[in-house]
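Working notes, beginning with the structure itself.
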2 protein chains.
Amino acid sequence: MKKEKNKLRSHCPVNFGLEAFGDRWALLILRDIIFRGKRTYGEFLKSEEGFATNILASRLDHLIKVGILKREGHETDGRKDIFSITEKGLDLIPLIFEIVLWSAKYDTDSEAKRIVRLVELIRDDNRKISRKVIEQVRRGEAIVAEYL
Amino acid sequence: MKKEKNKLRSHCPVNFGLEAFGDRWALLILRDIIFRGKRTYGEFLKSEEGFATNILASRLDHLIKVGILKREGHETDGRKDIFSITEKGLDLIPLIFEIVLWSAKYDTDSEAKRIVRLVELIRDDNRKISRKVIEQVRRGEAIVAEYL
DNA sequence: GAATTCACTTGCAATTTGCAAGTAATAATA
DNA sequence: TATTATTACTTGCAAATTGCAAGTGAATTC
């Protein structure tokens, strides 16, 4: 039984974004894909923040519904689904990078300290580094070692 | 009775941001301050998306707790509280602008169409326009007509 | 001094979350 | 080939959160 509540509360651009991806879990899924190269339900489930199984399933469905992710069967293992990011999802990378930048500044214990180089690049020119990372993630590479 | 669940699920910079401001309502409050110049509980309540009174109160408390907003008494009207944005909150403007940019691109009915000029400026150089807007909002001005 | 405004709080039903425990399909192993 | 594992979920249920509606108390206006 699917929930079909398609009505947006408003078309304010801030609200539109929030209704699409502005959920605790949704952006963590994207993080897992972009930074950690995860692609399957089981991989997402292992994230340190601890998804509940039903929540993970519902958020994956939602992200697919709004066109940020797509689901495909695994080429050789019929049990697995591959969740990959669409162009619409890739366009969220600059925004995710802004979150990283803000947190790097204000969280004294931030693990952003482990990606100092990337944080610098974002601060210096988010658009530019985003373009590079988008290309990488599009190829299925996740963020590569040169930034870590 | 206050909720005191201070423990972060992780210090991943994406997660840190989400736990600070990654709530449907939290960013709408910031939007109201930045774009609409709102400052009081009653003004926030009037927002088109419809805050529940208790949710609004709890989100304001939360944003104050994490240092994004501060609360001050109204100068002349003792009933009112003025909620204003801190420097930490102002630093979220580039991120909010990225949300606007993404929504402007993907929501065909976006009200971003009413702020085409601002969207262009963000696309062209988010950091630069953010700096200008931060100064304005810091002075209590909200986003001024020249961008609308 | 009575009525209104303002910023909340409270009560409560409905929804959502978070576990734990399935389940059905496919794959790997004996 | 039969059994055991994996994988991606679903289901059930208690607990937490949300969303109304209806207060409450202090300050302000009339």
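Here is how names work: the chains are called A, B, and so on, in the same order as the sequence lines, proteins then strands, and each is numbered from 1.
- Taking only distance into account, the side chain of Arg79(A) meets the base of dT6(D) through a donor-acceptor pair shorter than 3.5 Å.
- Toward the 5' end of DNA chain C, the nearer of the two residues Gly78(A) and Asn54(A), judged by each one's closest nucleotide, is Asn54(A).
- Counting only distance, with no hydrogens or angles, the side chain of Glu19(B) and the backbone of Arg9(B) share a donor-acceptor pair below 3.5 Å.
- Remark: Arg71(A) is in phosphate contact with dC9(D), judged by side-chain N or O atoms under 4.0 Å from OP1 or OP2.
- Phe83(A) comes within contact range of the sugar-phosphate backbone alone, with a heavy-atom separation under 4.0 Å but no base atom that close.
- Note: CG (Asp61(A)) to P (dA8(D)) measures 14 Å, nearest angstrom.
- Taking atom CD on Glu43(A) and atom P on dT6(D), their separation rounds to 15 Å, with Å as the unit.
- When atom types are taken as modelled, the side chain of Arg127(B) and the backbone of Arg123(A) share a donor-acceptor pair closer than 3.5 angstrom.
- Note: CG (Leu45(B)) to P (dT5(C)) measures 15 Å, nearest angstrom.
- One atom, CG of Leu28(B), and another, P of dG19(D), lie 11 Å apart when rounded to the nearest Å.
- Among the atoms of the strands shown, only primed sugar atoms or phosphate atoms (P, OP1, OP2) are found under 4.0 Å from some heavy atom of Thr76(A).
- Residue Phe44(A) is out of contact with every strand shown, counting any heavy-atom pair closer than 4.0 Å.
- In this model, no side-chain donor or acceptor of Thr40(A) finds a partner on the base of dT7(D) within 3.5 Å.
- Proximity of Ile29(B) to Phe51(B): side-chain heavy atoms (C-beta onward) are separated by under 4.5 Å at one or more points.
- Nearest nucleotide to the side chain of Lys80(A), out of dA8(D), dT11(D), dC8(C): dA8(D).
- One finds a side-chain N or O of Arg9(A) lying less than 4.0 angstrom from the OP1 or OP2 phosphate oxygen of dG19(D).
- Summarising the geometry, the separation between CD1 on Ile55(A) and C1' on dT17(C) is reported as 5 Å, rounded to the nearest angstrom.
- The environment of Lys113(A) atom NZ is dense: over 12 non-hydrogen atoms of other residues, nucleotides or ligands sit within 6.0 angstrom.
- Within 6.0 Å of CZ on Arg117(A) lie no more than 12 heavy atoms contributed by other residues, nucleotides or ligands.
- In this structure, the CZ atom of Arg24(A) is 12 Å from the P atom of dT18(D), given to the nearest Å.
- The shortest distance between the side-chain N/O atoms of Trp25(A) and the OP1/OP2 oxygens of dG18(C) is below 4.0 Å.
- Using a distance-only test at 3.5 Å, with no hydrogens or angles considered, a donor-acceptor pair links the side chain of Thr86(B) to the main chain of Ile68(B).
- Listed nucleotides dA8(D), dT10(D), dG19(D) differ in distance to Ala57(A); the shortest reach to its side chain belongs to dT10(D).
- Nucleic acid contact for Arg59(A): sugar-phosphate only, since backbone atoms but no base atoms lie under 4.0 Å from a heavy atom of the residue.
- Heavy atoms of Asp77(A) sit under 4.0 angstrom from primed sugar atoms or phosphate atoms, though from no base atom.
- Between Glu75(A) atom CD and dA27(C) atom P there is a gap of 13 Å when expressed in whole angstrom units.
- We find that CD1 of Ile29(A) is positioned 14 Å from C1' of dA8(D), with the value rounded to whole Å.
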